[in-house]
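Below: the structure, in structure tokens.
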Amino acid sequence: MVEYFRSLPEISEVVINPKLDNILIKIFGAGVDERYLEYYVSMTKKGLYSFDKTYPNRFSDPHYL
């Protein structure tokens, strides 16, 4: 399955919250893991996506990472 996703063409652009590093430091005490972000961006360009909430348990909060 991994090979399938790796072989997909890039079909979209990626938008990353410019405040991501600061948010992660505030919540977890550490910033962005560049290796994770590189893989995440690669898969997002292939059409896979997620909407990660900035504050997971605030259901009415419209902010995403």
Side-chain angles (χ1 to χ4, degrees):
M1 185 174 273
V2 171
E3 193 57 41
Y4 170 78
F5 286 109
R6 286 183 179 162
S7 67
L8 290 173
E10 292 184 359
I11 60 169
S12 65
E13 295 296 318
V14 177
V15 176
I16 298 172
N17 186 333
K19 298 177 184 178
L20 178 61
D21 203 47
N22 292 334
I23 292 168
L24 293 177
I25 289 170
K26 184 177 178 182
I27 295 172
F28 300 111
V32 173
D33 178 333
E34 293 299 326
R35 289 188 327 156
Y36 168 80
L37 193 57
E38 180 181 334
Y39 187 74
Y40 181 85
V41 166
S42 170
M43 291 294 110
T44 302
K45 287 181 178 180
K46 295 171 186 287
L48 301 170
Y49 60 91
S50 70
F51 294 100
D52 295 333
K53 296 285 282 186
T54 302
Y55 301 102
N57 293 324
R58 294 185 191 168
F59 301 109
S60 63
D61 184 0
H63 299 99
Y64 293 85
L65 292 178

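Note that these values count all heavy atoms, side chains included, but never hydrogens, waters or copies made by symmetry.
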Phe5 side chain near Lys46 side chain, heavy-atom distance below 4.5 Å: no

Using atom types as modelled and distance alone, determine if a side-chain donor or acceptor of Ser7 lies under 3.5 Å from a backbone N or O of Glu3. yes

Linking I/L/V/M/F/W/Y whenever any side-chain heavy atoms sit under 4.5 Å apart, do Leu48 and Val41 land together? no

Is the side chain of Ser12 donor-acceptor paired with the backbone N or O of Thr44 at a distance under 3.5 Å, no angle test? yes

Rounded to the nearest 0.5 Å, what separation is found between the CG atom of Asp33 and the OH atom of Tyr39? 13.5 Å

Are Ile23 and Phe28 joined in one hydrophobic group, where the rule is that I, L, V, M, F, W and Y side chains link up if heavy atoms are under 4.5 Å apart? yes

Answer yes if Val14 and Ile11 sit in the same cluster of Ile, Leu, Val, Met, Phe, Trp and Tyr residues linked by side chain heavy atoms under 4.5 Å apart, and no otherwise. no

Heavy-atom pair of closest approach, residues Asp21 and Val32: OD1-N, 2.7 Å

In this structure, would Met1 and Leu8 fall into the same cluster of hydrophobic residues linked by side-chain contacts under 4.5 Å? yes

Can you tell me how far apart OG (Ser42) and CD (Glu10) are? Round to the nearest 0.5 Å. 6.5 Å

Let me check something: do Leu37 and Leu24 share a hydrophobic cluster, defined by ILVMFWY side-chain heavy atoms less than 4.5 Å apart, either directly or through other members? yes

